[in-house]
Number of protein chains: 2
Amino acid sequence: MGKTLSDRCESRMSVGSLPIWMTMISPTASARLDARPLYQQVETVLIDRIASGAWPPGHSIPSEPDLAAELGVSQGTVRKALTELERRNLIERRQGRGTTVLRHTGDTARFHFFRLRDLDGTAVVSRIVVLSCTPGEADAAEAAGLKLPEGTPIYRLRRLRTVDGVASIFERCTLVAERLPGFHLPQGELSTELYVHLQRAHGVTIEHAEEDLSAQAAGPEESQVLGLPPGKPLLMVQRVAFDIARRVVEHRISLIDTERYRYAVRLD
Amino acid sequence: MGKTLSDRCESRMSVGSLPIWMTMISPTASARLDARPLYQQVETVLIDRIASGAWPPGHSIPSEPDLAAELGVSQGTVRKALTELERRNLIERRQGRGTTVLRHTGDTARFHFFRLRDLDGTAVVSRIVVLSCTPGEADAAEAAGLKLPEGTPIYRLRRLRTVDGVASIFERCTLVAERLPGFHLPQGELSTELYVHLQRAHGVTIEHAEEDLSAQAAGPEESQVLGLPPGKPLLMVQRVAFDIARRVVEHRISLIDTERYRYAVRLD
DNA sequence: AAGTGGTCTAGACCACGAC
DNA sequence: TCGTGGTCTAGACCACTTA
């Protein structure tokens with residue numbers, strides 16, 4: 001085959017109106033270059049619609065037959081693309097109801113990005129207190145963590161997580177300002193999950209994150225905040241979080257007292 | 001449909017010989033009870049053939065059209081089942097060459113189950129020294145880790161991993177004897193990956209593992225083995241490993257000096 | 001040239017949910 | 001009742017490997 005979505009669309013332009021996605025792709029440039037399978041091209045189109053905000057979180061997207069007709073491909077091809085989006089936790093499909101763009105709730109955000117578990121394996125609930133939130137420019141260490149140049153505008157966020165009333169996690173977050181125009185934290189809701197807020201207030205959906213774990217002795221700042229003796233072994237988690245377009249949004253260093261809780265991982 | 005694989009087979013029994021999988025399923029019991037989708041039933045059949053050793057690691061399995069004909073389903077249904085097996089890292093498909101049962105190599109075992117990375121993200125190579133290997137019965141702690149009753153026959157394995165000549169990881173492994181009849185370690189190859197050996201010598205394929213991470217101060221045994229000051233923060237990884245049939249095979253406690261290396265995780 | 005898995009299509013029927 | 005996604009089929013053509 002080797003045909004491109006735009007080829008198929010051009011042959012239909014006389015009948016229908018210009019599809020949204022064509023406004024984002026240069027027709028001349030994409031004419032021959034995109035030799036990827038059709039279902040991957042469909043995938044890209046759908047992701048662009050979600051990432052651009054055309055289909056915001058919670059939006060019901062067109063049915064599979066409608067999408068197939070609009071894009072000039074078969075329903076099977078659309079299904080294959082949607083299956084991949086579902087695997088990436090970008091959409092939710094339900095028989096009889098239709099397909100919607102996933103909206104981060106506290107539960108889903110925690111399920112995917114909060115790996116702390118009780119000793120018997122049950123999920124842990126934590127309360128969050130924001131200690132400080134200030135704009136600034138990335139220093140050497142922060143720039144290295146974000147893999148962005150030094151001096152990049154950022155926001156610095158310090159948080160404390162409390163489990164069962166016990167201060168257990170100290171978090172230093174570094175947020176990329178460019179991704180979050182007009183960033184501010186709601187004063188009242190200190191316990192809001194950060195990623196839920198980023199999606200609701202800035203339209204930024206965190207899709208995946210990479211974490212590096214190590215053991216670290218408690219330094220002066222964290223031993224004071226967590227109320228622990230200096231030198232006590234803590235679990236240090238360094239996270240880099242990416243949005244749907246796989247751009248860096250956040251770097252976070254969490255220091256965790258694992259006396260009563262464990263960080264759970266599944267390996268396949 | 002709601003039809004069962006055995007229904008479809010019965011209608012073909014007059015022409016072909018009895019398929020392998022029918023010998024493992026009671027025809028009467030499975031006649032009405034298995035209301036799962038066909039592709040999942042096919043999946044089960046194929047997994048059984050792999051788990052039973054009928055298709056050992058490295059074996060080239062029949063082509064998709066052949067499997068479809070044998071099982072009385074369409075090629076698309078077989079493809080869907082194979083796609084899931086591929087996702088679970090049980091098989092490898094290559095265009096033009098065919099499909100083979102995955103054989104653990106040192107590389108694949110490390111890639112899936114060894115999460116340690118250099119500070120710049122490159123994979124770490126380690127040499128293994130076996131300190132001891134003795135049979136015994138599970139004590140309370142070991143039984144809890146394996147989620148098996150106390151007194152279950154086990155093998156205890158102590159290993160030391162060296163990275164760049166520096167002792168970095170001390171491992172206490174507990175292996176379920178029932179899964180590994182006649183278990184012994186090859187004397188010469190101290191650096192063999194355990195999971196490669198389990199597959200080659202005992203036909204046991206480790207498919208996935210669950211790990212709990214915490215920070216722990218070095219105790220007397222590990223500080224001596226690793227040559228570290230007592231009380232130094234170490235990363236403690238408690239792993240439970242499962243075979244293809246999702247039965248527990250191993251419990252392992254690793255104590256890691258994360259001075260120069262990191263445990264890497266990807267969250268989706 | 002023959003056979004493999006990979007892509008794509010068209011259409012049937014089913015299970016579920018909303019109206 | 002209707003429209004949705006889920007399952008299953010049959011068959012075409014392509015890309016790749018092997019002989």
Side-chain angles (χ1 to χ4, degrees), chain A residues 1-9 11-12 32 34-46 55 58-87 89-102, chain B residues 1-9 11-12 32 34-46 55 58-87 89-102:
Chain A
M1 284 286 165
K3 285 204 103 179
T4 300
L5 264 185
S6 40
D7 294 339
R8 291 159 182 270
C9 185
S11 64
R12 295 174 55 261
R32 276 291 116 222
D34 197 346
R36 297 148 67 217
L38 259 185
Y39 67 87
Q40 286 182 20
Q41 301 179 41
V42 172
E43 221 181 294
T44 301
V45 169
L46 301 180
W55 288 345
H59 180 82
S60 272
I61 78 174
S63 72
E64 294 174 1
D66 287 357
L67 280 174
E70 181 206 348
L71 299 174
V73 300
S74 77
Q75 182 176 352
T77 301
V78 170
R79 278 191 67 74
K80 191 156 184 181
L82 288 176
T83 299
E84 173 62 12
L85 295 205
E86 188 180 33
R87 197 196 60 77
N89 294 312
L90 298 181
I91 59 171
E92 184 180 33
R93 297 200 278 189
R94 266 195 280 173
Q95 208 175 31
R97 254 181 49 115
T99 300
T100 55
V101 179
L102 254 189
Chain B
M1 280 292 167
K3 286 202 102 179
T4 299
L5 264 185
S6 40
D7 295 340
R8 290 160 183 270
C9 185
S11 64
R12 293 174 58 261
R32 276 292 118 220
D34 198 345
R36 296 150 66 217
L38 259 185
Y39 67 87
Q40 286 182 20
Q41 300 179 41
V42 171
E43 221 180 292
T44 302
V45 169
L46 301 181
W55 288 346
H59 180 81
S60 273
I61 79 175
S63 72
E64 294 175 0
D66 286 357
L67 280 174
E70 182 206 347
L71 300 174
V73 300
S74 78
Q75 183 176 350
T77 301
V78 169
R79 278 191 67 75
K80 191 157 185 180
L82 289 175
T83 299
E84 173 62 12
L85 296 205
E86 188 180 34
R87 197 196 60 77
N89 294 312
L90 297 180
I91 60 171
E92 185 179 34
R93 298 201 276 189
R94 266 196 280 173
Q95 207 175 32
R97 258 180 49 113
T99 301
T100 54
V101 179
L102 255 189

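The chains referred to below are lettered A, B, ... by the order of the sequence lines, with proteins before strands, and numbering in each begins at 1. As a basis for the values below, the full set of heavy atoms in this structure was taken, side chains included, without hydrogen atoms, waters or symmetry mates.
- The distance from atom CZ of A:R94 to atom P of D:dG6 is 11 Å, rounded to the nearest whole Å.
- Straight-line distance from the CD atom of A:E43 to the C1' atom of C:dT7: 14 Å, rounded to whole Å.
- Interatomic distance, OG1 of A:T99 versus CD of A:E64, reported as 6.0 Å (0.5 Å rounding).
- Phosphate contact (OP1/OP2 of C:dT7, side-chain N/O of A:T77, threshold under 4.0 Å): absent.
- Distance A:Q95 CD to D:dG5 C1': 6 Å, rounded to the nearest Å.
- Across the protein-nucleic acid pair, B:R36 atom CZ and D:dC8 atom P stand 11 Å apart, rounded to whole Å.
- Between A:S74 and A:R79, the side chains place no donor N or O within less than 3.5 Å of an acceptor N or O (distance only, hydrogens not considered).
- To the nearest 0.5 Å, atom CD1 of residue A:I61 and atom CG of residue A:L46 are 6.0 Å apart.
- Rounded to an integer number of Å, the gap from B:D66 CG to C:dT4 P is 6 Å.
- Note: A:L90 CG to A:L85 CG = 5.5 Å, rounded to the nearest 0.5 Å.
- If you take CD of B:E86 and C1' of C:dG6, they are 11 Å apart, rounded to a whole angstrom.
- From A:E84, atom CD reaches atom CD1 of A:I91 across 10.0 Å, with rounding to the nearest 0.5 Å.
- Dashed line: the shortest gap from a side-chain N or O of B:T99 to OP1 or OP2 of C:dG5 is under 4.0 Å.
- Here B:K80 does not reach the OP1 or OP2 of D:dC8: none of its side-chain N or O atoms lies under 4.0 Å away.
- What separates CG of A:L38 from C1' of C:dA10 is a distance of 15 Å, to the nearest Å.
- When the C1' atom of C:dT4 is taken as reference, atom CG of B:L67 falls 13 Å away, rounded to whole Å.
- Phosphate proximity of C:dC8 to A:Y39: absent, as no side-chain N or O sits under 4.0 Å from OP1 or OP2.
- The side chain of A:S74 places no N or O atom within less than 4.0 Å of a non-bridging phosphate oxygen (OP1 or OP2) of C:dC8.
- In this model, the phosphate group of D:dG6 is approached by a side-chain N or O of A:R93 to a distance below 4.0 Å at OP1 or OP2.
- Closest to the side chain of A:E64, out of D:dG5, C:dG6, D:dT7, is D:dG5.
- Both B:P65 and A:G76 sit near DNA chain C, but only B:P65 has its closest nucleotide nearer the 5' end.
- As judged by a 4.0 angstrom heavy-atom cut-off over every strand, B:R79 is placed among the base-contacting residues.
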